[in-house]
Amino acid sequence: MSEWKRVNRRMKCPVCRRDHWCGVSADGTAAICMRVASPKPTAQGGWLHRLGEDAIPAAVIRSLPKEPRPPDRDWEEFHTRLLDGPRRRLPQLAKLLGVPEGTLAAMSVVHIDAIDAWAFPMRAPDGAIIGEHLRFLNGAKKCIRGSKLGLFMTHVAAASGPMGAGPIMCPEGASDTAYLESRGFDAIGRPSNISDPRPVRDWIERQNRALDVYIIADRDAPASSA
């Protein structure tokens, strides 16, 4: 959020009135709320809300202290520690998404009890984990701070590429990727329709063979880039 300020106790989210996870634009006219949905989901998770009469004066936002830069994190080591924890909440997410538990396990999905959210690892084209995408029980989504946006895929695709000779499906989001994998397709998911397409291209080029790729869009309006 280079042009956005995270909410805190001094400036709560004008949409949900909570003091964490959400953000307000630098000019105070818009908010990204991680809890209250709008017709405009954002690439980083949450939903865009135009504030109108509830706009926050820019002077108030400028007076807030700058956030420290998040420390560099070894995401591979971080996710390995998460995998060492209990896996008892995967059946709940499997039922919620309508996919087999084994599909989520193949994507290395874990539950983080401390924040009551499921974590989908996001990967670079070479399969390395570069961030964590969170999904909460109410459907809210966000990334752990410091994450880089990456691809959703199974650990097999991360290690050696697709097992079959069929086409590669490229949907939007982690849950769509899980659904396609559960139906027997090889799927490589993007974070959203406006995310950088180059990681998908780079992953395909690493396979060293001809592949048919199908880009699958959600049946909704394009996400805002805010």
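- Under the salt bridge (charged side-chain N to carboxylate O under 4.0 Å, His left out) criterion, Glu77 pairs with Arg81, not counting sequence neighbours.
- Residues Ile188 and Trp203 meet the side-chain proximity criterion, which asks for heavy atoms closer than 4.5 Å.
- Distance CG/Asp19 to CZ/Arg6: 13.0 Å, rounded to 0.5 Å.
- Between Ile56 and Met11, some side-chain heavy-atom pair lies under the 4.5 Å cut-off.
- No path of Ile, Leu, Val, Met, Phe, Trp and Tyr side chains, each step under 4.5 Å between heavy atoms, connects Val36 with Val7, placing them in separate hydrophobic clusters.
- Contact between Pro14 and Val24 at its shortest, heavy atoms only, is CD-CG2, 3.8 Å.
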Review point. Yes or no on side chain to side chain contact (heavy atoms under 4.5 Å, CB included) for Phe152 and Met122, after CA distance, side-chain angles and deciding distance?
Key: CA-CA 5 Å; Phe152 302 110; Met122 296 185 289; 3.6 Å; yes
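- Side-chain atoms of Ser38 never come within 3.5 Å of backbone atoms of Trp47 as a donor-acceptor pair (strictly under, hydrogens ignored).
- More than 12 heavy-atom neighbours from other residues, nucleotides or ligands sit within 6.0 angstrom of CZ on Arg183.
- At a threshold of 4.5 Å between side-chain heavy atoms, the hydrophobic network of Ile, Leu, Val, Met, Phe, Trp and Tyr places Phe185 and Tyr179 in two separate groups.
- How far SG of Cys33 is from CZ of Arg17: 10.5 Å, rounded to the nearest 0.5 Å.
- Interatomic distance, CD1 of Ile204 versus CG of Asp212, reported as 10.0 Å (0.5 Å rounding).
- When side chains are defined from C-beta on, Leu134 counts as touching Ile115, because their heavy atoms get closer than 4.5 Å.
- Of all heavy-atom pairs spanning Asp176 and Glu172, the tightest one is OD2-O, 3.2 Å.
- Here the side chains of Pro167 and Tyr214 are in contact, with some heavy-atom distance below 4.5 Å.
- By the 4.5 Å heavy-atom criterion applied to side chains, Phe120 and Thr177 are not counted as neighbours.
- Because its NZ or CZ atom is both nearer than 6.0 Å to the ring centre of Trp75 and within 45° of the ring axis, Arg73 counts as a cation-pi partner of that residue.
- Linking ILVMFWY residues whenever their side-chain heavy atoms come closer than 4.5 Å, directly or via other members, leaves Leu211 and Met169 in distinct clusters.
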Using atom types as modelled, flag every donor-acceptor pair under 3.5 Å from a side chain in residues 91-106 to any protein atom, sequence neighbours excluded.
from, atom 1, to, atom 2, distance (Å)
Gln92, OE1, Arg89, NE, 2.6
Gln92, OE1, Arg89, NH2, 2.9

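- Listed by first and then second residue, the side chain to side chain donor-acceptor pair (under 3.5 Å) pairs involving residues 122-132 are His79-Glu132 (not counting sequence neighbours).
- With contacts defined as side-chain heavy-atom distances shorter than 4.5 Å, the pair His133/Ser147 does not qualify.
- Cluster annotation: Val110 and Ile144 are assigned to the same hydrophobic cluster (Ile/Leu/Val/Met/Phe/Trp/Tyr, side-chain heavy-atom contacts under 4.5 Å, transitive).
- The distance from the SG atom of Cys170 to the CD1 atom of Ile216 is 8.0 Å, given to the nearest 0.5 Å.
- Side-chain contact between Arg190 and Pro171 is absent, with no heavy atoms from C-beta onward closer than 4.5 Å.
- Residue Arg50 holds its CZ atom at 5.5 Å from NZ of Lys40, rounded to the nearest 0.5 Å.
- Here the side chains of Thr154 and Met107 are in contact, with some heavy-atom distance below 4.5 Å.
- Between Ala124 and Met153 the shortest heavy-atom distance is O-CE, 4.3 Å.
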Practice item. Could you walk me through whether Ile32 and Leu48 pass side chain to side chain contact (heavy atoms under 4.5 Å, CB included), step by step? Key: CA-CA 5 Å; Ile32 292 178; Leu48 177 68; 4.3 Å; yes
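- Here the CG-NZ distance, from Asp27 to Lys5, works out to 13.0 Å after rounding to the nearest 0.5 Å.
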